[in-house]
Protein chains: 2
Amino acid sequence: MAQKYVYFFGDGRADGHATMKNLLGGKGANLAEMSRLGIPVPPGFTLSTESCTHYMRTGGKYPRGLKSEVEQTLARVEKLMGRTFGDPSNPLLFSVRSGARVSMPGMMETVLNIGLTEKTLPGLVARSGNERFAYDAYRRLIMMFSDVVLEKAAGIEPKGGVGIRQQLEHEMGKMKKARGIKDDTGLDAEDLKKLCALFRQKVKNVLKVDFPEDAREQLWMAVGAVFRSWMGKRAVSYRRIEGIPDGWGTAVNVQTMVFGNMGEHSATGVAFTRNPATGENNFYGEFLVNAQGEDVVAGTRTPQAINETSKTEASKHLPSLERLMPQLYRQLMGVRNRLEKHYRDMQDLEFTIEHGTLYILQTRVGKRNGVAAVKMAVDMCRQRLISREEALLRVGPHQLDELLHPMIDPKAERKADLLATGLPAGPGGASGQIVFTPEQAETWARAGKKVILVRTETSAEDVAGMHAAEAILTATGGMTSHAALVARGWGKCCIVGCGALNIQGAKKRLHVDGRILKEGDWITLNGTTGSVYAGALPLIAVDPERNRAYTDLMKWADGVRRLGVRTNADRPEDATTARRLGAEGIGLCRTEHMFFGPGRITAVREMILADTEDGRRRALKKLLPLHRRDFAGIFRAMAGLPVTVRTLDPPLHEFLPQDEAAQRELARDLGLPLKHVRTKIEALHEANPMMGHRGCRLGVAFPEITHMQAQAIMEAACRLVKGGVKVYPEIMIPLVGTKEELENQRKVVVDAAEAVIEKTGVRVNYSVGTMIEIPRAALIADDIAEVAEFFSFGTNDLTQMTFGYSRDDVGKFLHDYIVKGILPDDPFQSLDQAGVGQLVELGIKKGRRTRPNLKVGICGEHGGDPASVEFCHRAGMNYVSCSPFRVPIARLAAAQAVVKEMKQPKRR
Amino acid sequence: MAQKYVYFFGDGRADGHATMKNLLGGKGANLAEMSRLGIPVPPGFTLSTESCTHYMRTGGKYPRGLKSEVEQTLARVEKLMGRTFGDPSNPLLFSVRSGARVSMPGMMETVLNIGLTEKTLPGLVARSGNERFAYDAYRRLIMMFSDVVLEKAAGIEPKGGVGIRQQLEHEMGKMKKARGIKDDTGLDAEDLKKLCALFRQKVKNVLKVDFPEDAREQLWMAVGAVFRSWMGKRAVSYRRIEGIPDGWGTAVNVQTMVFGNMGEHSATGVAFTRNPATGENNFYGEFLVNAQGEDVVAGTRTPQAINETSKTEASKHLPSLERLMPQLYRQLMGVRNRLEKHYRDMQDLEFTIEHGTLYILQTRVGKRNGVAAVKMAVDMCRQRLISREEALLRVGPHQLDELLHPMIDPKAERKADLLATGLPAGPGGASGQIVFTPEQAETWARAGKKVILVRTETSAEDVAGMHAAEAILTATGGMTSHAALVARGWGKCCIVGCGALNIQGAKKRLHVDGRILKEGDWITLNGTTGSVYAGALPLIAVDPERNRAYTDLMKWADGVRRLGVRTNADRPEDATTARRLGAEGIGLCRTEHMFFGPGRITAVREMILADTEDGRRRALKKLLPLHRRDFAGIFRAMAGLPVTVRTLDPPLHEFLPQDEAAQRELARDLGLPLKHVRTKIEALHEANPMMGHRGCRLGVAFPEITHMQAQAIMEAACRLVKGGVKVYPEIMIPLVGTKEELENQRKVVVDAAEAVIEKTGVRVNYSVGTMIEIPRAALIADDIAEVAEFFSFGTNDLTQMTFGYSRDDVGKFLHDYIVKGILPDDPFQSLDQAGVGQLVELGIKKGRRTRPNLKVGICGEHGGDPASVEFCHRAGMNYVSCSPFRVPIARLAAAQAVVKEMKQPKRR
């Protein structure tokens, strides 16, 4: 039998079902599933992703047999609908939509009203009894088809940057102006008839092609355009960000057109089976009477709520569907219940009412923000819809970010300068400088600026800039607008539909409430309330402990996970925050921060500039009591939990001033000749400081530094222990590459520690271990473990050395590498499991071969990255350590790692 | 049975034998062996190295039972000699000497005449019938013992830097002056008697101890001093250079004293069974009548030759031993023959004639220079003394350096300004700046200067400075002086005994032939003839092909080795040289050198400063014909052999001027604003350029550069192939860390290459491969091998990344690391097999898993390091590639690797 490429759905039957997403795409699989469930789906068929990959592989050829399969299935749809595709008297019309395995909202093409031609128009007029409606449909087809199929997909460069769509819109604008009307709806059937003729002429003039007037030609051209849009620039860029492979391809859904714009008994809308912003178990949605789906998404008309609980500030005065069409609402509610029970997750569905008949056009798992995700997961588990393990998997660890997101300091917010209010589309607070274009957002963000992207509305072209911005603010659009959908997916602060804004992007300014704001001006958004403020307001952390669903979920996570979660913290305040967020100790306390600050840096510089060990010892003596106090603060904050302290790591030149004025001042302060200071600074200069004289290499050269640090740690610990505080110091030597380095430094530490213990008479149990951050350390971990009592993988440096990338310089090509597909993503954010991961696994295996109970952790940035945490779990680490706000993320990711492992068949 | 620590030898018997070097040290083992062979060895015993390691381990305690073992063995010696240790009437005297597994000449202590006290002196006077001799022996004992045992070994700091020895010498000088005599020999018995009393008083005053007057006390103090000298500063420093473990310890040889200074029928000398400078099969040696061994080594008297063939310019007028004592010479000749036949290698022996009786005090394998080593190995093989495999192992690969050593250009030498002539103690030519102290030699050499160490004589304290110098020149000393021995061991250019020099080290100047030379002045030495010239003369390479023994040995090596040997060469001249030295292709042709030079650098800079691809292409077009010509030259020089060309590697900023004047000029040349040039230079700045935008990362960003290079390579190749020249280009992509990078660059290369092939109609077989120099590349070598047709390990960068050492900065701590024993040696010189080597082995294994016939080579500095070459052989590489003059070294090392493998039991 030949390979099957075309899958029918409709009338309670379907060739496919929900689990066939790889083949049919998410949309196609769900259409098939809904059809099987008896949900009213307009019939149609799906061209599988394999037809797309074949099309790409062969440079634009359809698989053999595809056309005849389509013809057979098409005939089945025709029979079901009692209409015929291309039939002048009673034409069947189709929508042609993309549909990949995972949703890529707005990234690929859609064409509606396929099959409408000069010949079939009269048939549609007859069936609808509405000439205006029919010509409006034709107008829409020409606009969409010329843009998407004839121009974009054909790769025709728009003249002067203005595409065919803009030119057609311009014609339509001219006509509206001439007729003195404002809305499209003001145009009557005759206007539209003329406009269609004008459009066809314009298409021919501009694109040098006749608009296709054959139904089948339209269909195949549209299918090809959708396939090609898979490799379109926008789609490729989106996949890079989301990490979706190019090889998947998209399916194409060809579905009978139903019209929400056939009059006052028609409508169209989108709905979520639960509230996607709060997670509450309320049916939530918006709709427009006499409209097509694109009108809802575009945000040009204010949508009405489907029920009372969905009403917002903007829609509270408009009648809901529940009131307007109660029977249809009940029917929709029935669909909602069926879908949620069947899919056991919140669904995002599109519906259309044509002449009083309800159709469901699409269902998919609904995007939700972090707060909602947590609430739904916990609620559904309590409802016994899902198990506890499933609940844990339902929340993306990064979504917790939103619960932990900074919010505007309420004290500051009360007195703040309110500019306007919009719809709260993405939670938390954000402040940044205004930019008006996504390009500017990217450029400034790359330069380290915090920006807020302010747009009238956003479109799929803007995603990269939206990603780069701290927050998004739009003048139009509702909670299901493009900006809202995208921001929700990313958990980014976002306000939409802020109508008070008059944005003049070309002039790089906006008017609001009689004031003018320019590019670069600071604003602050409260994405939880929809308030927009002038200036940069202070942000504060929120306390997720008050969120019951969150605390429940985290309790479940802690019950499941086996990986410990510690934090990287250098100050008592950070330690306290992390502890509140669930940290079980400190995995990395960097001591270099203790060298800066008043009363310290001068002593540090004195030490560096000293030419003798005696001179260094004198300067270090000044640092000792300060250092000791720092450690005491941290130990107290982490009482009862282990604290890993890393000895001095950065090269000494980082502590010396580089500008002349400061050098002069330093020379004066220390009573040294300026020349001496300069000579020393020059002598400390390195060609590649990242691979230079730092880490334990410093400690080997200047053991007195390590000694002072160990002494300060142990004096602080012994005093606290004497006072009844439980302290577990773990002293960690950085940048070790040979066993001998660690032996050398361990001896210095132990000598200092034992002297303190003897002097104070308090025995504190301390251990001495090492960072594994040099590739060689991982390779000879068996040797190193003879000396090290614990390992902590420093995957920042390990990534640098393993790739040979300088973290300070990689920006020059990293972005280009990701765009070109040379790297799947930034290896400094998500651990490179294929390369760096091998060294980690090898290091653990060899380390434990020598010391079976070796405690192993990770303290690089990766400790808070969910994929990396899962890797650390699989690799058999004891704990991960991450920045305080990532602690909950790591806890959940660690639990998910266990759940995923349970679901997997045991690996050998 | 208790452990045995003491091993007797003498009278044709011995407890030990030659293979027990680990236990008895080289000297002790050979004394035992000679004794067994019936060679006249003064009887004695050896304290094993285990007694030393016990002594070190316990902080200075002798093993239990050692003393009674010594007493028993001592009694056996006493019986044999018919004298008694400490007996006033007929005292037995001993020498106490160190003796490690391998010779560490002069690094540890020796004490002679042990057992001589005020009480036993009369006995020695009676036996020798020579009061003066006996008091002279006592005087020597006091000087040596106070220095070595009482002061140095006791760790007493000399007052004002002047040690006891100098103070005693000063006393002796005063007495000579008072008596108006010049030589020590002028002092009579009464003088010496007084001097001894004076010495003993001085010792008591200065060191606050009585000189020990008990024979056994002297013996045990001397043994302890020798043990402690194993950990002395000089010995430790020497072991670091030579890579000898501290844990070995030294043995101590206690041997009956025989005296070469008992009158005109006594003598002492050193001899080599063959000429250690030329390798000729002639017995070679020097001796002094009525002298002790130290007199020969010190070089204060001109030694006489033992036979006619040993005569030198200095000794030609003095009678030889052959003439003076023909019977004893014949006896010595017999010993020589017996030893060489027995040991099957050239021996270096010490002999003493006491009252007409010949004693052999020591034999060991003689040090030899490279020329001699080659000749002896080949000769002995032809004599069937050793096998061909043994012959190959007899030459240290680095010794070949001497045969390939530069020599002074004869044309320049004929017209050169001859300052003086000395003894030719180390071959080849060298020029450098004069330094008068070993410390200065080290300092200047570390600063990159070429220095020649000029000393009156050298001593063991000077070794580090001698090592740092290009060459050594001494005013005194013979061919067996300290300087000559050490230089010979290292194959360093050296002239000794250059009596015309009057060196005033304190004034940092020397007088010679009425002229004054100061520190920093340039001189040139011809170590093969002994000529010293003023100024820096040009050096040229020698042609080893004229040396028959060398060509034979290399032929044998080529017959045995399986590893290919290529060269790293960027210019046709270098390629030709390397080919002459046996290179079988080019393993690394760096193309960046082709970017410098007239007519190029401006175009290169123009390319870098261009802001568009078009601009870059225009500049590259100018480089193309020059590049093509370069490649043609190299391909022609290597006709018939493969040539690996690496695409551009260094970061672009290396090609731009850093000083303002040059930047201004560049801006003018290119007609660009200075600001533009500066901005670009700033933009290209990197924090860690070694890990920055270089290698294939450049090629990915600017494919047009790779394209131009590939085009130039292939155009050159196609033209030559058309002309009948065989060309095998291998195009190598540097710094690859992901498979995708290589795919990207491979495509650019293949596109360019195929275009050239199509255009020229000549199909040249080319291949595209990669450097493995990033740790990640080794880790994912299986992936990379899907694209790479060959691998070449770039172990310079791989070492940098694996250790996290910047090669430019590692100097700041590398020396300290080696001194502290953290690193065994410089990993940039000898491959770190434990760490970097793992990545190499893994890379090969994984690469060949994907592509079983993958060709693998190495092109880092390590390709010419013998230990690394052996590693590459074991790791299964196809070839090593090294600088031209290291090609013969690599060939021999590769052969030795095979021979060693044959000798080893098969590894699993």
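Throughout, protein chains are lettered first and strands after them, A, B, ... in sequence-line order, and every chain is numbered starting at 1.
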- prompt: What part of V700(A) lies closer than 4.5 angstrom to a heavy atom of chain B: side chain, backbone, both or neither?
  reply: both
message: Under 4.5 Å from any heavy atom of chain B, what part of L684(A) do you find: side chain, backbone, both or neither?
response: backbone
- prompt: What is the ring orientation for H693(B) with F702(B), classed by angle as parallel under 30°, tilted 30 to 60°, or perpendicular over 60°?
  reply: tilted
message: Which atoms of E686(A) are under 4.5 Å from chain B, going by heavy atoms: the side chain, the backbone, both sets, or neither?
response: both
- prompt: Are the side chain of R851(B) and the backbone N or O of A788(B) linked by a donor-acceptor pair below 3.5 Å?
  reply: yes
task: Flag the one option from I774(B), D816(B), I780(B), I822(B) with the top tally of heavy-atom pairs under 4.5 Å to chain A.
output: I822(B)
task: Measure D832(A) against the heavy atoms of chain B and call it side chain, backbone, both or neither at under 4.5 Å.
output: side chain
Spatial distance of atom NE2 (H707(A)) from atom OG1 (T647(A)) [nearest 0.5 Å]: 13.5 Å
statement: Interface check, chain B: of A777(A), G737(A), A687(A), most non-hydrogen pairs under 4.5 Å belong to A687(A)
query: Short question: side chain of T770(B), backbone of I733(B) - any donor-acceptor pair under 3.5 Å?
result: yes
- request: Return yes if a side-chain donor-acceptor contact under 3.5 Å exists between S830(A) and D825(A), otherwise no.
  value: no
Contact origin within F803(A) toward chain B - heavy atom pairs under 4.5 Å: both
message: I want to check something: taking the side chain as every heavy atom from C-beta on, are I705(B) and M607(B) in contact at a cut-off of under 4.5 Å?
response: yes
- prompt: So which of R697(B), H685(B), M690(B) has the largest heavy-atom pair count under 4.5 angstrom toward chain A?
  reply: R697(B)
Region of A778(A) that comes under 4.5 Å of a non-hydrogen atom in chain B: neither
- prompt: Atom CG in D865(B), atom CD1 in I858(B): separation rounded to 0.5 Å?
  reply: 9.0 Å
query: In terms of heavy-atom pairs under 4.5 Å, which option from G695(A), P689(A), A701(A), A834(A) contacts chain B the most?
result: P689(A)
field: Within residues 740-748 of chain B, residues adjacent to chain A where the heavy-atom gap is under 4.5 Å
entry: E740(B), E741(B), N744(B)
message: Using a 4.5 Å heavy-atom cutoff, which residues in residues 794-802 of chain B come close to chain A?
response: Q800(B), M801(B), T802(B)
message: As an exercise, state the distance from CZ of R616(B) to CD1 of I608(B), rounded to the nearest 0.5 Å.
response: 10.5 Å
- prompt: When rounded to the nearest 0.5 angstrom, what distance separates CD in Q833(B) from OG in S868(B)?
  reply: 6.5 Å
message: In terms of relative ring orientation, are F813(B) and Y805(B) parallel, tilted or perpendicular, with 30° and 60° separating the classes?
response: perpendicular
- request: To the nearest 0.5 Å, tell me how far C872(A) SG sits from E841(A) CD.
  value: 10.0 Å
statement: Whatever's closer than 4.5 Å to a heavy atom in chain A on K739(B) counts as neither
message: Regarding R694(B) and E654(B), does a basic nitrogen lie under 4.0 Å from an acidic carboxylate oxygen?
response: no
query: Got R776(A) and T738(A) here, is their nearest side-chain heavy-atom distance under 4.5 Å?
result: yes
- prompt: To the nearest 0.5 Å, what is the distance between CG (L814(B)) and NZ (K812(B))?
  reply: 13.0 Å
field: Smallest separation among heavy atoms of L698(B) and P651(B), with atom names
entry: CD1-CA, 4.5 Å
message: At a 4.5 Å cut-off on heavy atoms, which part of L735(B) comes close to chain A: side chain, backbone, both, or neither?
response: neither
